2 protein chains.
Amino acid sequence: MEYPQLKLENQLCHRLYMASNRIIRNYREPLELLDLTYPQYIVMMALWENDGISIAELLEKTSIDGGAMTQILKKMTDKSLLSIVKDEDDKRKRIIKLETHGAELRHKAADIPDKIKCSFAHMTEQEAQQLIELLDKVNQG
Amino acid sequence: MEYPQLKLENQLCHRLYMASNRIIRNYREPLELLDLTYPQYIVMMALWENDGISIAELLEKTSIDGGAMTQILKKMTDKSLLSIVKDEDDKRKRIIKLETHGAELRHKAADIPDKIKCSFAHMTEQEAQQLIELLDKVNQG
DNA sequence: CTTAATTAATTTGCATGCAAAACAATAACG
DNA sequence: CGTTATTGTTTTGCATGCAAATTAATTAAG
């Protein structure tokens, strides 16, 4: 083998790519019941924790692409999950507010984490925790 | 906090999502020199290892979506990286063959793994290996 | 042998991820 | 105070990821 590093089986990145796609795919079915896509679900989680933040803050918390966020928020506004209002102090900023429907969806979403866990019953809690710590290192770089 | 599991900071999935996007983003610049996208690079790696496989085998090796693969292979054919021929034994199948340009690109790609490693110099070799093993577990489920 | 599954690929429609360009509003600076 | 740089957001164009429908070719059943 001329370039062993160019083998797929030696690639950390390819494993991350597969794992990320795979897990997000697992969310698809539970999220369909809430009429949410995965990035929309991330936005909802960020807002359930911090309602009333600006779009820039939301981008920072979620790591979602700015260009995509505009579209995502538009669709979520259409679904009456949230509304976007201008910041009076700084008119460049726009503030996101959860609507009643969006706030209540939190209760319907409460069982999703457990559903996902079932898909990974073959991993121990400890392994999951270890994985989280390593991924945090990756995300620091 | 009503539903602690619904916090972003407790989500394995969100970390995987960020890490995957982040690493693939790191590949963008080196791959631009080869005029390849990341999925196209995965296809090239699979073919450098196993030239002459069918599309179905390529899908299995790469975990790339079938619908996307058709488009990816079309673009790679246009770039003279590879060609697609019918399998005479089973006319449903199509066989992928590297063209000269595609085969030679391997040498130009030889330094990419090292370039990527530099972006993750803050991680030890051991941590990377540990991460790979845990991701393999995720990808088994 | 003819029809009903099954497999290999492609096509289609929708939702991002990403880079670059475009805008508006505010902050910095001379 | 007016020009410039910076920040917040949107727009645009391209490349997927994914599900579902479609088509072509092969195999299985009766």
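Bear in mind the structure is a predicted one, so any value in this text is a computation, not a measurement. A, B, ... follow the sequence lines: proteins, then strands. Residue 1 opens every chain.
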So which atom in [X] and which in [Y] form the shortest heavy-atom distance, rounded to 0.1 Å?
X	Y	answer
A/Q140	B/H122	C-NE2, 4.5 Å
B/P30	B/I112	CB-CG1, 4.2 Å
A/V138	B/L131	CG2-CD2, 3.6 Å

Looking at every strand, decide which applies to [X] at a 4.0 Å heavy-atom threshold: base, sugar-phosphate, or nothing.
X	value
B/I24	nothing
A/L59	nothing
A/K74	sugar-phosphate

Check whether any side-chain nitrogen or oxygen of [X] sits under 4.0 Å from OP1 or OP2 of [N], and answer yes or no.
X	N	result
B/T37	D/dT16	yes
B/R28	C/dC18	no
B/Y17	C/dT16	no
B/Q40	D/dT16	yes
B/R25	C/dG17	no

For [X] and [N], what is the distance between atoms [atom1] and [atom2] respectively, to the nearest whole Å?
X	N	atom1	atom2	result
A/L31	D/dA19	CG	P	13 Å
A/L73	C/dA15	CG	P	14 Å
A/Y38	C/dT16	OH	P	12 Å
B/Y41	D/dA15	OH	C1'	18 Å
A/K79	C/dA15	NZ	P	8 Å
A/D87	C/dT26	CG	C1'	12 Å
B/L36	D/dA15	CG	P	12 Å
A/D90	D/dT6	CG	C1'	12 Å

Practice item. Can you sort out the partners of A/Y41 under ring pair (Phe, Tyr, Trp, His ring centres under 6.0 Å), two or more places apart, ordered by chain and number? Key: A/Y27
Check your understanding: Taking the nucleotide of DNA chain C with the closest heavy atom to each, which residue, B/S54 or B/D65, is nearer the 5' end?
Key -> B/S54
Point to revise | First of A/A68 and A/D89 reached from the 5' end of DNA chain C, by closest nucleotide | key: A/A68
Point to revise | Contact check, side chains of A/L105 and A/L36, non-hydrogen atoms, under 4.5 Å | key: yes
Study note, to complete from the structure: Whichever of A/Q71 and A/K93 has the more 5' nearest nucleotide on DNA chain D, that residue is A/K93
Point to revise | B/T70, nearest nucleotide to its side chain (from D/dT12, D/dT16, C/dA9) | key: C/dA9
**Study point:** Closest listed nucleotide, where the reference is the side chain of B/K75 and the choices are D/dT9, D/dA15, D/dG17
**Key:** D/dA15
Practice item. Evaluate whether atom CD of A/Q71 has more than 12 neighbouring non-hydrogen atoms of other residues, nucleotides or ligands under 6.0 angstrom away. Key: yes
Exercise for review: Check if the side chain of A/R92 and the base of D/dT9 share a donor-acceptor pair of N or O atoms closer than 3.5 Å.
Suggested key: no
